[in-house]
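Naming: A, B, ... by sequence-line order, numbering from 1 per chain.
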There are 2 protein chains.
Amino acid sequence: MPDQHSLEETERATQERVGRLAVDFPAAHAIMSLYRAANAARSHLTNTVLRPHDLTWTGFLVMWLLWLWRSMETRHVAESVGISKATLTGVTKTLVARGLIDRVPSAVDRRLVSLQLSDKGEELMAELYPEFNRAEAELVAGIPGADITTLTESLRHIVTVAEEHDPTT
Amino acid sequence: MPDQHSLEETERATQERVGRLAVDFPAAHAIMSLYRAANAARSHLTNTVLRPHDLTWTGFLVMWLLWLWRSMETRHVAESVGISKATLTGVTKTLVARGLIDRVPSAVDRRLVSLQLSDKGEELMAELYPEFNRAEAELVAGIPGADITTLTESLRHIVTVAEEHDPTT
DNA sequence: GTGTTACTGTTCGGGCCCGAACGATTGCCA
DNA sequence: TGGCAATCGTTCGGGCCCGAACAGTAACAC
């Protein structure tokens, strides 16, 4: 129940506010829906799958990457997850403290640090991922297969545009 | 630049990890793309449009709601923005301190508090929204119109499923 | 009237999140 | 070989974010 107001009411109110200015409503609805959907999906997956194991969304994403690729340098982890290196430092600290991952300093370049799952972390992911994927599937069940493909392509396009226009890149 | 690895490599690594178990790859890609796209869009809009005005994403969403509907009770604001009441308390405090919004206690029910924009807040939104909408439009430019509609519908569907399955609702 | 129950917004503790500044390390090149 | 720019991960300060616990208020049964 995100809104008390219908789309039509929102559009009318918006148009009233901006006066004669043109408003791109499809774009506005798409971006707002995007943000709401991501939040709802994250909350749902966190509450139903992750919280029972006392795992954070971001913590899970980090572990998922390490599970797939066995070992990754921290800067690549941060970029893949979509968080800053500063944030990853904190998340890493939490996961290391729980004994789920290990930090492995590079022997050849002393600036670099790699991360990898501990045995305990491996076990947790092997148990958790199938459950997580089932919950993901539930979220998109009901959407026609072709639309899921279109959805994913559109989302990737947005990522591309947002990141190439970003001055920090 | 999100990934060092291609989709195909990721699927192969995932399949190797889960063994003979079935994995819903389209669902996994959709959910991950959803989260990345939302983050990228939020970061982009924050950095290009909001930051110059020293506004937070969440703070902007709150002000946008109040701009449209003139006045809203806090619980409805929190629900519409998709944050908890606890979070809204902090965001409200920040915006009030900057003189952008006002708190208006209800006369009939002393538990309720409404929010509304100050004159300063009205001016800021009138200036900011057209700029914000332009940036939104840029993000979805390049996606065919029909696909934008499909995108928005799919996203709303995900919101519905996620929130109805949520025990907190 | 008076429990009792439900609902409001707030506070608290802890984790995530970022940009900016920083010390350490490396590579390049003059 | 020595200086210098680039890159690494960390730290710092401040804001967002949530669930749980809470005090205040309202509604309702009895």
Q: Please list, chain by chain and in numerical order, all residues satisfying salt bridge (Lys or Arg N to Asp or Glu O under 4.0 Å) with A:R51, sequence neighbours excluded.
A: none

Length of the [atom1]-[atom2] vector between [X] and [N], whole Å:
| X | N | atom1 | atom2 | result |
| --- | --- | --- | --- | --- |
| A:L55 | D:dG19 | CG | C1' | 17 Å |
| B:H44 | C:dC18 | NE2 | C1' | 18 Å |
| B:H76 | C:dG9 | NE2 | P | 8 Å |
| B:E79 | C:dG9 | CD | C1' | 15 Å |
| A:D54 | D:dG19 | CG | P | 14 Å |
| A:L50 | D:dG19 | CG | C1' | 16 Å |
| A:L45 | D:dC18 | CG | P | 15 Å |
| B:N39 | C:dC18 | CG | C1' | 12 Å |

(Q) I want to know whether B:Y35 and A:W57 have ring centres closer than 6.0 Å. (A) yes

**Q.** Phosphate OP1/OP2 of C:dC17 contacted by A:T58 side-chain N/O (<4.0 Å)
**A.** yes

Q.
Looking at A:T94, I'd like to know whether one of its side-chain N or O atoms comes within less than 4.0 Å of OP1 or OP2 on C:dC16.
A. yes

Q.
Could you check whether any side-chain N or O of B:N133 sits under 3.5 Å from a backbone N or O of B:Y129, counting only pairs where one atom can act as donor and the other as acceptor?
A. no

Q.
Has B:R75 got a side-chain atom pairing as donor or acceptor with B:V113's backbone, closer than 3.5 angstrom?
A. no

Q) Rounded to the nearest 0.5 Å, how far does OG1 of B:T152 lie from CD1 of A:I31? A) 8.5 Å

Q | salt bridge (charged side-chain N to carboxylate O under 4.0 Å, His left out) evaluation trace for B:R17 with A:E122 | A | CA-CA 10 Å; B:R17 279 309 203 175; A:E122 291 271 353; 3.5 Å; yes

Q: Would you mind telling me which residue lines up with the more 5' stretch of DNA chain D, B:V91 or A:R51, judged by nearest nucleotide?
A: B:V91

Please enumerate all protein N or O atoms sitting under 3.5 Å from an N or O of nucleotides 11-13 of chain D, with distances to 0.1 Å.
residue: D:dT11; atom: OP2; partner: A:K93; partner atom: NZ; Å: 3.2

Q) Touch check for B:T74, heavy atoms < 4.0 angstrom, all strands: base, sugar-phosphate only, or nothing? A) sugar-phosphate

Q | Stretch residues 102-116 of chain A: residues that reach within less than 4.0 Å of DNA chain C through a heavy atom | A | A:V108, A:D109, A:R110, A:R111

Q | B:I143, B:T149, B:I148 screened by side chain to side chain contact (heavy atoms under 4.5 Å, CB included) with A:P26, the one that passes | A | B:I148

